[in-house]
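Every chain is numbered from 1, with letters handed out A, B, ... down the list of sequences.
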Amino acid sequence: MQSSNINASTSASPRYALIDFLDVGGTMTISQEIANLTEDSGQDLPEENVQIGSIQGTVVGLRYYTGTVNRGEMVSLVRQPQNPYDRNAVMVANVFGSQVGHIKKELAAPMAYIMDNNLARVEGVVPYGEKNTFSMPVNLTFWGREENREAVHNQMRCHGFRLGTEFKGGTTQTSVGRDLLGLSSKISAIPLTEEELKNAFDKLFDDLMEDKTREMEPAEAVCTSLLPHQKQALSWMTSRENSNDLPPFWEEKHGLYFNVLTNFAIKERPEKVLGGILADDMGLGKTLTTIALIVSNFHNGKPLPLEQCEGSSMSSTCRKKSTSKDHEPVSLSQLKRLHADGVTADIIEEDVPQKKAKTTANPAKKPADTKKGTLTSGFYSQEWFCWMMWTLLPLWSALPLRLGLQKRVRRRVLNKGNSPLHKVSWLRVVLDEGHVIRNPNALQSKAVLELQSERRWILSGTPIQNSLKDLFMLLSFLKLKPFDVKEWWNRIIQRPVTMGDRVGLKNLQALVKGITLRRTKNSKVAGRTLVQLPERRVFVQHVILSEEEREEYEQVRREGRKIVDRYFEEGTVMTNYADVLAILVRLRQHCCHPSLVGKYTRADDPGTPSELRERLINKITLVLNSGSDEECAICLDSLRQPVITYCAHVYCRPCICEVIRSEKEQARCPLCRAPIKTKELVEYPGEEMEAGPATGENCRSSSKVDALMSNLLKLRNEDPTVKSLVVSQFTRFMDLIEVPLREYGFSFTRLDGSMAQKTRAKAIQDFQDSSPGSPTIMLLSLKAGGVGLNLTAASHVFMMDPAWNPAAEDQCVDRCHRLGQSRDVVITKFIVKDSVEENMVKIQKKKQELVDKAFGVKKPQDLKQARIDEIRALMEI
DNA sequence: ACCGCCGGGTGCC
DNA sequence: ACCGCCGGGTGCC
C-alpha cells in the first residue's frame, strides 16, 4: 500500500481498548458481600418512592436561558446553593441538562429546605405554557419516605403553600412514550401484575436476534473461521458502528429531532450512538466476534490497515502474516517476548498523545499529529492492543497473555481522568464482561464512563444480574441519552416499569431491543441450534464425616452458634455480618479439611486493645484464607503486605499508607469513609500462620479428600487419559489435596489467583496438552476459573465445596463445557451431609426461586430479612 | 402631600 | 410583561 494510505489511516485515530473485567463472577469475597448489602440501600428504593404531594409552581427567567421544553415534558430541579442572588435557588433544567429557568424564589425557599435535608425528591412536569417568554407553570411532585410526609407538608405550609394530591384540570400524566402497542388508554392504565412483570423481565433479554440475521465475512486477517451466528453478530455490530442514522428512538420531524420514546425534542442532531450490547450467552464467541470486528471494520467500513505495524518490533511478524496467504500463527514464545518488551512497556510508560513514544523497543515512525488530540506516531498502547489481538487469533488458547494486559489497563483506567487512557480519543472501547460496571459507585465504573470514544461496546452474557437497575450503567456507558442520567432513567423507565406501567415496559423493551444482540446456545439459525455441546451431567456426592471430624465440626459449630445467638439477642446480626460470614467460612473449611481452619498466634500490639486486635486479625485471616484472591481496593492487585483498618477493611500496607500520607488528618477509609490512622493498621500475622498447619496436620486426610481420591483413582483405572478439574474456593485446601495427588502418582497442574500470568499460561498450556504424560488433573480455584479460560481438555469436574453464588460454579464448569469439548462433561459436587454445606445448597435453591419470583421488584426489607433468615438456616438456629 | 394618582422604567435567581 | 413593582413627578375642580 502507498504511504498516503498509511497517512490516512493513522491520522484517523486507530485506537482500541478492550477492557476485560476478569474477576467477575467468581466467588464473592467478604467485602463484596458487604458491598452488595449496602448497594441495595440506594436512594431509589420503592419505600422512598411514595408520593408526598403535588403543587403547581412557576418557572421564571426563561428569557435568560436556552433550554426549552415541550408540553407535558419532564424537567429536573437542581439546587444551586452557590447562587449569588439567593442561596435557596432551584434551577430548572430540561432532559438534556440545559437550564430552562429558576423556580420562583418564594417557592424555592421551602423547596430548598426540603431538598437540602433530603426530605423529598422533587420532580417537575411542564403542563402548558411551553412557549411563554418569561415564565411558565410547572407541576411539582414530591417523592420521598412516608415518614417525611409531615415535615414536607409543614415546611410548605410555613411558606404559605399547600401540597395537594392532584393537579386540577390539565393532565397529571406526562406525555412520555408512545403507545407502541396501540393499546387503548384504558387497557394501558391497568398496571401489570407482579407475575406479568416477572415474565416480562425474564423475557427482556430473550433472543434479541430477529432482523439481525444478515451475515458478514470478516477481514482476511482473521485467521479463525467464524460460525454463522458469529458472522451475523459481526454484520450487526458493523452496521451499528457504521450507521449514519440517528441513535435508536430518534426521528427527524420538521427540522427538529424527536425521541419517540420520550417525546422530547431538540434542535441539534443528537450524537450518534455507535455500538451497543452484545449479550450472547457464554461460549458463543463474543470476544472472538469482537476481535473480528476490530480487524474488519476500521474506518469507512474498511479493514484495519496492517501496514501500520511497520517499523515495530512486531512488524515482521504482522506483515508476513498479512501479505502471505498462509496465516501461520505466531508462536507462543514470540507472543511472550512481545508481551514482555512491547506492550507492557508501552502501557507502563505513560505514552500520552501529543508525545512521541519513548519506548526504545518501538521507535517512533512519524511525527505526532497534534490535531484534535489524536495520536499518529509510533506505537502506542492502543495500536499494540489491536496487534496483540490480531496475532492472537490463530492462537486462541494463549488468551491469558492478553488478559495479563487487561489487568494493567484496568488499573490504569482507575487512575481517574489522569490515566493515559483518558487522554486518548479512542476509536472503539469494548468492555469485555461489561456488566461489572453495574455498580455506579464503584471507581472502575466511574472511570470507564470517562473514556472518550467514537464507538462503544459492552460484551456480557448477563447484562442484567439482579435488577433493572443494572441496565442503567450500561446505557450510561453507551451514552444513550437521556438514559445516561440517573434521574431520567428512573423517571422514564425504572419507576414506571417497577410500578407496573405498561407503556414504561414497552419503552424498556424497545430500548433494549434497539441496541442489543443476544442469542443463547438454544437459539436457532435456520432451524439448527447455534452450538451443539456435548451433554453435561451433575451428580451430588454426599460425604459423611468421620467420627473425629464430626466431633470437631460440632465443637466449632457450637462456638459459632454462641456468638451468632448473642448477635440475634442483641439484634446486631446485620452490623456484625462480617463476623457471621467469618464463622460460616470456618464451618465450611471444616467440611473440607480440619486443618484448613487457620489458627493465629497472638502478638502484643501496644497500640490496639487486645480484644479489638483479636477480632481484626480474625477477620483479615479469614479474608486472606477464603481462597478468593482478595484484592486491595486501592491498587486492585492481589494484596501485598496486607493490613486491616479498625473499620475492618483490608488493603496493601503501602497503598493505604499512601492514602493516609496524602490526606493527613482527614484520611478516611476508601471503602467506608471511616477516619483512619497509620498506627491503627493491624498487620496480618502472616507466615507463622501459613507454617502452622503445614506440619503434621497436613499429612492427615479428610473424608472429602478421600472421596475425591477414590473418584480420581476409579477414573484413572477406567481411562488413564481422562482429565479432571478439581475446583475449590480455598487455595489452602488445594495445597492439602496436592499431598495425596503426589502420593498416588497423579500428574497435575494448578491455577489460582495468586499465580503470575506466565505461570498461569504455562499451567493452562500443560493441561490442555494431550500428549502422554501430560497432567490429567488441574487444581483450580473457583475465582481463577473465570471468563475466557479454556480448559476443554477436562471432561470431569469435581466441585470440592459449594459456593454462595451458583452462577460462579456454572461459569467454572463452562470452562470445559464449551466449544471444543468433545466428551460429555460429568460434574461431581461434594457436599458434607448434615453440615453448613447442605444448608448452603438449600439456600441456593430457595434464593433462585426468590430471584425468579421477584426479579427487579424485591423489597429491601425483604432482602434484609432474607439475609437474616439465611444466617438462621445456615447456623440451624 | 408624612398622602393618592399618574405614567415611565423595568423585569429570575 | 396586554402584568406587578418601583420610584419620580405631581397635586382642586
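- dC5(B) sits 12 Å from dA1(B) when the C1' atoms are compared, rounded to a whole Å.
- Contact annotation: Arg63(A) side-chain N/O to dC12(B) OP1/OP2 distance is under 4.0 Å.
- The base-pairing partner of dC3(C), taking Watson-Crick or G-U wobble contacts with both distances under 3.5 Å, is dG11(B).
- Counting non-hydrogen atoms of neighbouring residues, nucleotides and ligands closer than 6.0 angstrom, the CD atom of Glu196(A) exceeds 12 such neighbours.
- Cation-pi geometry between Lys481(A) and Phe96(A) is not met: the NZ or CZ atom fails to fall both under 6.0 Å from the ring centre and inside 45° of the normal.
- Judged by distance alone, with hydrogens and angles left aside, the side-chain atoms of Arg240(A) form a donor-acceptor pair with the main-chain N or O of Gly275(A) at under 3.5 Å.
- Evaluation of Tyr64(A) against the base of dC12(B) yields a stacking contact (centre distance < 5.5 Å, interplanar angle < 30°).
- Between the base of dC13(B) and the side chain of Asn83(A) there is a donor-acceptor pair shorter than 3.5 Å.
- Considering only heavy atoms from C-beta on, Arg79(A) stays 4.5 Å or farther from Val122(A) through its side chain.
- Note: CE (Met91(A)) to C1' (dC13(B)) measures 11 Å, nearest angstrom.
- Rounded to a whole angstrom, the distance from the C1' atom of dC13(C) to that of dC2(B) is 25 Å.
- If you check dG11(B), dC13(B), dA1(C) against the side chain of Phe134(A), the one that comes closest is dA1(C).
- When heavy atoms are screened at a 4.0 angstrom cut-off, Leu62(A) is found touching no nucleic acid atom at all.
- Residue side chain Tyr65(A) reaches the base of dC12(B) through a donor-acceptor N/O pair under 3.5 Å, judged by distance alone.
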